[in-house]
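This report refers to the structure that appears directly beneath it.
Computed over heavy atoms, backbone and side chain alike; hydrogens, waters and symmetry mates excluded. None of the values given here were measured: they were computed from a predicted structure. We count residues from 1, following the sequence as given.
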Amino acid sequence: MSALTSFEPVLRYTTGAAASLLLAACAVGPDYKTPDTPAAAYRNAVGEDFVIAPVEADWWRQFGDPVLDDLMARAVAGSHDLRIAAARVDQARALFREQRLDYAPTVTTHAGFTRQDAPVLQAGSAAPVRYDAYELGFDAAWEIDVFGRVRRSVEAARANAGAAEAERRGVEVRLAAEVAREY
């Protein structure tokens with residue numbers, strides 16, 4: 001048996017592992033860079049600046065018409081579309097908060113108790129024997145974000161929360177425009 005054949009399995013595994021690491025390093029693209037656009041004075045669902053058209057949702061107030069103000073208030077209170085958009089914002093915020101938890105370790109615990117009465121198989125004994133079993137434990141897992149999967153998923157959840165907030169504001173503007181047009 002030659003020395004080369006004894007190292008073949010080690011060489012195969014080493015080459016396979018190196019190729020896997022090389023391919024995994026290519027899995028994440030470059031960091032996202034925000035375009036050079038002036039930021040508006042609005043905040044997104046997670047409290048960060050984002051860019052939207054600078055249209056105020058309550059633009060009709062410049063007319064100073066109390067009847068129009070009342071119509072707008074009733075339209076906002078009864079709008080199903082606005083409630084749906086607000087629910088989507090809440091959902092996107094919750095998903096963002098959940099996604100950020102992937103940065104930290106996950107720890108779960110469990111506990112259990114079992115009681116069993118087993119009959120005694122000896123002659124002349126009718127009393128059962130009682131067995132008690134206790135169980136207590138925990139599991140812990142943590143994904144170290146070497147290749148950026150967690151970081152990218154948090155960035156995506158943040159962007160989705162901002163998009164949901166922008167959509168909600170768009171629904172407000174469209175609702176106000178529709179009411180004012182009908183008025």
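Remark: Ala159 pairs with no residue by the side chain to side chain contact (heavy atoms under 4.5 Å, CB included) rule, at least two apart or across chains. For Val76, the side chain to side chain contact (heavy atoms under 4.5 Å, CB included) test picks out Leu82, Leu175, with sequence neighbours left out. For Arg88, the salt bridge (charged side-chain N to carboxylate O under 4.0 Å, His left out) criterion is met by no residue, not counting sequence neighbours. Not counting sequence neighbours, the partners of Asp145 by the salt bridge (charged side-chain N to carboxylate O under 4.0 Å, His left out) test are Arg151. Residues satisfying the ring-ring contact (aromatic ring centres under 6.0 Å, His included) criterion with Phe138, sequence neighbours excluded, are absent altogether. For Phe113, the ring-ring contact (aromatic ring centres under 6.0 Å, His included) partners two or more places apart in sequence, or in a different chain, are Tyr134. Contacts of Asp139 classified as salt bridge (charged side-chain N to carboxylate O under 4.0 Å, His left out), with partners at least two apart in sequence or in another chain: none. With sequence neighbours excluded, the residues that form a side chain to side chain contact (heavy atoms under 4.5 Å, CB included) with Asp102 are Gln99, Arg149, Val150. A search for side chain to side chain contact (heavy atoms under 4.5 Å, CB included) contacts involving Asp69 returns Trp60, Arg61, not counting sequence neighbours.
In this structure, Leu136 stands alone, with no Ile, Leu, Val, Met, Phe, Trp or Tyr side-chain heavy atom under 4.5 Å from its own, directly or through other members.
Counting heavy-atom neighbours within 6.0 Å of His110 NE2, excluding the residue itself, gives a total above 12. Annotation: Glu98, atom CD; neighbour count of heavy atoms from other residues, nucleotides and ligands within 6.0 Å does not exceed 12.
Hydrophobic clustering of Ile, Leu, Val, Met, Phe, Trp and Tyr side chains at less than 4.5 Å, counting indirect connections, keeps Leu101 apart from Leu95. Under the 4.5 Å side-chain heavy-atom criterion for Ile, Leu, Val, Met, Phe, Trp and Tyr, Tyr183 and Met72 are members of the same hydrophobic cluster.
With contacts defined as side-chain heavy-atom distances shorter than 4.5 Å, the pair Phe96/Asn160 does not qualify.
Looking only at atom types and distance, the side chain of Asp117 has no donor-acceptor partner in the side chain of Tyr131 under 3.5 Å away.
Between Glu172 and Arg168 there is a salt bridge, with a side-chain nitrogen of the basic residue lying less than 4.0 Å from a carboxylate oxygen of the acidic one. The pair Arg181-Glu178 meets the salt-bridge criterion, since a charged nitrogen lies less than 4.0 angstrom from a carboxylate oxygen.
Contact between Leu68 and Ala180 at its shortest, heavy atoms only, is CD1-CA, 4.2 Å. The shortest non-hydrogen separation linking Ala92 to Ala161 is CB-CA, 3.6 Å. Across Ala140 and Val107, no two heavy atoms sit closer than the pair CB-CG2, 4.2 Å.
Under the salt bridge (Lys or Arg N to Asp or Glu O under 4.0 Å) criterion, the residue pairs touching residues 104-115 are Arg115-Asp132, with sequence neighbours excluded. Pairs of residues two or more places apart, or lying in two chains, that qualify as salt bridge (Lys or Arg N to Asp or Glu O under 4.0 Å) and include a residue from residues 72-83 are Asp70-Arg74.
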Applying side-chain contact (heavy atoms from CB on, under 4.5 Å), run through Tyr103 and Val154 and close with a yes or a no.
CA-CA 9 Å; Tyr103 283 128; Val154 169; 3.8 Å; yes

Check step by step if salt bridge (Lys or Arg N to Asp or Glu O under 4.0 Å) holds for Arg158 and Glu155.
CA-CA 5 Å; Arg158 179 182 292 119; Glu155 288 174 0; 5.9 Å; no

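Residue Thr114 holds its OG1 atom at 7.5 Å from CD of Glu135, rounded to the nearest 0.5 Å.
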